Amino acid sequence: MAEQLVQIDNKPPSGEWRDPKVEFRKGVFCYSAQPKNVTYLGMANPRQWQPFDADWKLPSDWKEIILEGLKDRLKKYRSFRLFMDICVRCGACADKCHFYLGSGDPKNMPVMRAELLRSVYVRYFTASGRLFGAGRELTEDVIKEWFYYFYQCTECRRCSVFCPYGIDTAEITMIGRELLNLIGCNINWILEPAANCFRTGNHLGIQPHAFKDSLEFAADELEEITGIRVELPINRKGAEILFVMPSADYFATPHYFTLLGYMTLFHEIGLDFTYSAFASEGGNFGLFTSHEMTKRLNAKIYEEARRLGVKWILGGECGHMWRVLNQYMDTMNGPADFLEEPVSPITGTRFENARSTRMVHICEFTADLLYNDKIKLAPKRNDDLAVTFHDSCNPSRAMGLLEEPRYILRRACNRFYEMPENTIREQTFCCGSGSGLGTDENLEMRLRGGFPRANAVKYVKEKHGVNLLACICAIDKATLPTLMDYWVPGVQVAGVHELLGNALVMTGEKERTTNLRGEPLPAEVTHA
Ligand code: SF4
Ligand code: SF4
């Protein structure tokens, strides 16, 4: 199978590109949203349907809805209107998308993905379209094509780094998905987590008592490894800091070991904090649905901070939570001026970058502790690992969090190696499964989209013997293990705070014999 997937045909298909032709072949698309989830979220046109059906059961006035929706958004979002108008088709973005590189499908070039929507804009909203018929007619086949390609874009924004005009194709995809949602064309892997989030506060629908059980279970495991019982403050009013993490950290692996890492750290520095059983999710699948949904889900974190009376918020290793925080939160629900400007209670560092959002990334927080020598590490405990770092798209490109994770890794691990420069930092390659596309029915497209990232990992594996890919995003931790098993077997995936927790020397801990996964420490490590 791997041999077949690398046979990528870059020859453009014959015929006119404007003819919308898509084949919903198993493995390259996501299933439709279940009506119960569409109904729960109060969205349009709940029904049973699948993308491979001939009849998508669209509302009779679907065309008017889309054109009216497009008109509204052109008025509301100046950036969107600009992106529709200013592309000069220079092609600088063409080979920058991992889906194009992995599939060879020209409509996965960012410029072409945007053109799918732009061509309709030109036809209905410009003089050349209205008078001379430029652009193309909006038909049901165009809607199917939008669905296919807007759900083959992970909204990673790599293409925007290379566009001389700063056109952000992710923003175009977001509008494309919003329009599709107006007529009920959405996918279950996005709407079910969003609906669960509204119901219980997190993607999996975990209730408060189960949230508490999960944390207690983690504390039990950590006690076995370290001999120390960590505290579990949940919904504690008056705590200084509210800590919010992606829910995968307390129900999935390898995320769970990152949670153990946070726990070791918070205990060791005596942090005055609380978890919340209601703001029990940092992730925001609204970002993959609509601006309105993004705003509603983001508001929960701030309402909980207000209810608990904390001073500021600390956020865990999540990807798109940070994009929402840094790019949208201020205009959606901010500024959060009922909270205080974050100051580390341990080092006194003022996080001026969080002056408005009042929310600090755990990597900024931990790097500052290390910089001020507030914690002691025994990196030898990670000596069986040769580590590289995957910059998760959102923390890197949406908030510029580039050096802090590396600073932690270099202190916590003795063997750290970078992947080639054009595959990391701002130019990082996506995991291929972000923005709600990390579902199993979409596996072939995920493996194709993840191919450029995997290729760079293969390079450092062969050159330096890398056997661990560190990252700071819950979706990465969920999907990169499959990608590695497929393209680069022998490379594991872990959170940065898992590696920190392995190395952290806790005051009064028993002699550690295992890492946080319960695996034996390297033979030469007897004690810190
Ligand atoms: S945002 Fe990412 S996935 Fe979407 S077109 Fe650009 S590079 Fe491709
Ligand atoms: S790089 Fe920018 S201007 Fe050039 S084709 Fe791509 S989106 Fe258009």
Side-chain angles (χ1 to χ4, degrees), residues 8 10 12 17 28-30 79-119 121-122 145-178 180 187 190 287-288 319-320 323-324 327 390-398 422-439 442 444-456 473 475-476 479 483:
I8 298 162
N10 289 99
W17 79 265
V28 299
F29 70 94
C30 302
S79 56
F80 175 53
R81 174 129 219 166
L82 198 70
F83 295 162
M84 288 293 98
D85 282 331
I86 64 171
C87 174
V88 292
R89 281 78 162 176
C90 69
C93 61
D95 60 349
K96 304 305 184 295
C97 176
H98 49 286
F99 281 119
Y100 172 62
L101 294 174
S103 71
D105 181 342
K107 288 186 183 170
N108 268 324
M109 291 178 185
V111 55
M112 285 303 296
R113 195 186 312 285
E115 202 63 28
L116 302 177
L117 185 47
R118 188 177 289 117
S119 55
Y121 160 75
V122 167
E145 193 183 45
W146 282 8
F147 182 92
Y148 189 80
Y149 290 105
F150 290 139
Y151 288 103
Q152 273 183 18
C153 165
T154 42
E155 302 179 1
C156 77
R157 306 176 68 238
R158 186 171 194 267
C159 49
S160 71
V161 173
F162 299 89
C163 174
Y165 293 91
I167 293 175
D168 187 349
T169 305
E171 296 268 342
I172 296 170
T173 291
M174 285 161 70
I175 298 286
R177 290 189 185 185
E178 264 197 46
L180 288 168
I187 67 172
I190 293 176
L287 185 67
F288 316 142
H320 56 275
R323 179 156 185 218
V324 174
Q327 296 196 311
H390 162 69
D391 290 89
S392 306
C393 299
N394 288 305
S396 61
R397 278 192 282 266
N422 62 346
T423 71
I424 57 171
R425 294 192 168 86
E426 291 95 339
Q427 298 188 43
T428 185
F429 272 114
C430 180
C431 63
S433 304
S435 84
L437 306 186
T439 168
N442 190 37
E444 180 185 326
M445 196 42 77
R446 284 171 50 193
L447 294 172
R448 287 185 180 281
F451 176 60
R453 165 45 72 228
N455 207 24
C473 164
I475 290 178
D476 285 337
T479 62
L483 194 75

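Just so you know, residue 1 is the first one in the sequence shown, and it goes up from there. For ligands, and for the atoms within them, numbers begin at 1 and follow the listed sequence. These values consider heavy atoms only, across backbone and side chains, with no hydrogens, waters or symmetry-generated copies. Fair warning: this is a prediction, and the values are worked out from it, not measured in the lab.
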Can you tell me if Arg453 uses its side chain to pair, donor with acceptor, with the backbone of Cys431 under 3.5 Å?
no
Could you tell me which atoms of ligand 1, counted from 1 in the order shown, lie closer than 4.0 angstrom to a heavy atom of Thr154?
3 (S)
Say whether Gly91 and ligand 2 are in contact under the criterion: heavy-atom distance to a ligand atom below 4.0 Å.
yes
Quick one: do the Ser103 and Arg448 side chains pair a donor with an acceptor below 3.5 Å?
no
Please check if the side chain of Arg397 supplies one atom and the backbone of Cys156 the other of a donor-acceptor pair under 3.5 Å.
yes
Give the minimum heavy-atom separation between Gly450 and Leu483, together with the two atoms involved.
O-CD2, 3.4 Å
Examine distances only and state if a side-chain atom of Arg446 and a backbone atom of Thr439 form a donor-acceptor pair shorter than 3.5 Å.
yes
Taking 2.8 Å as the cut-off, does Cys97 contribute an N, O or S atom near atom 8 (Fe) of ligand 1, distance below it?
yes
Shortest non-hydrogen contact from Thr479 toward Gly438:
CG2-CA, 4.2 Å
Numbered in order shown, the ligand 2 atoms found under 4.0 Å of a heavy atom of Ala92 are 1 (S)
In ligand 2, which numbered atoms sit nearer than 4.0 Å to a non-hydrogen atom of Tyr165?
3 (S)
Below 2.8 Å, can you find an N, O or S atom of Cys159 next to atom 6 (Fe) of ligand 2?
no
So do the side chains of Arg89 and Glu115 get within less than 4.5 Å of each other, counting heavy atoms only?
yes
Distance to 0.1 Å, residue and atom name: give those for the protein heavy atom nearest to atom 4 (Fe) of ligand 1.
Cys153 SG, 2.3 Å
Which residue holds the protein heavy atom closest to atom 5 (S) of ligand 1, what is that atom called, and what is the gap in Å?
Arg113 NE, 3.2 Å
With the threshold set at under 4.0 angstrom, would you say Pro164 reaches ligand 2 through any of its heavy atoms?
yes
Specify the protein heavy atom at minimum distance from atom 2 (Fe) of ligand 1: its residue, its atom name, and the distance to 0.1 Å.
Cys156 SG, 2.4 Å
closest protein heavy atom to atom 8 (Fe) of ligand 2 is Cys87 SG, 2.4 Å
Looking only at heavy atoms, which two atoms of Ala114 and Ile172 are closest? And how far apart?
CB-CD1, 3.7 Å
Could you check atom 6 (Fe) of ligand 2 against the protein and tell me its nearest heavy-atom contact, residue, atom and distance included?
Cys93 SG, 2.4 Å
Looking only at heavy atoms, which two atoms of Ser392 and Asp476 are closest? And how far apart?
OG-OD2, 2.5 Å
Near Val111, which atoms of ligand 2 are under 4.0 Å from a heavy atom of that residue?
5 (S)
Can you sort out which atoms of ligand 2 are near Val88, meaning under 4.0 Å from one of its heavy atoms?
3 (S)
Options Met112, Gln152, His98, Arg157, ranked by nearest heavy atom to atom 1 (S) of ligand 1, top entry:
Arg157
Counting from 1, what ligand 2 atoms have a heavy atom of Cys163 closer than 4.0 Å?
1 (S), 2 (Fe), 3 (S), 7 (S)
With Ser435, the side-chain hydrogen bond (donor to acceptor under 3.5 Å, both in side chains) member among Glu155, His320, Arg177:
Arg177
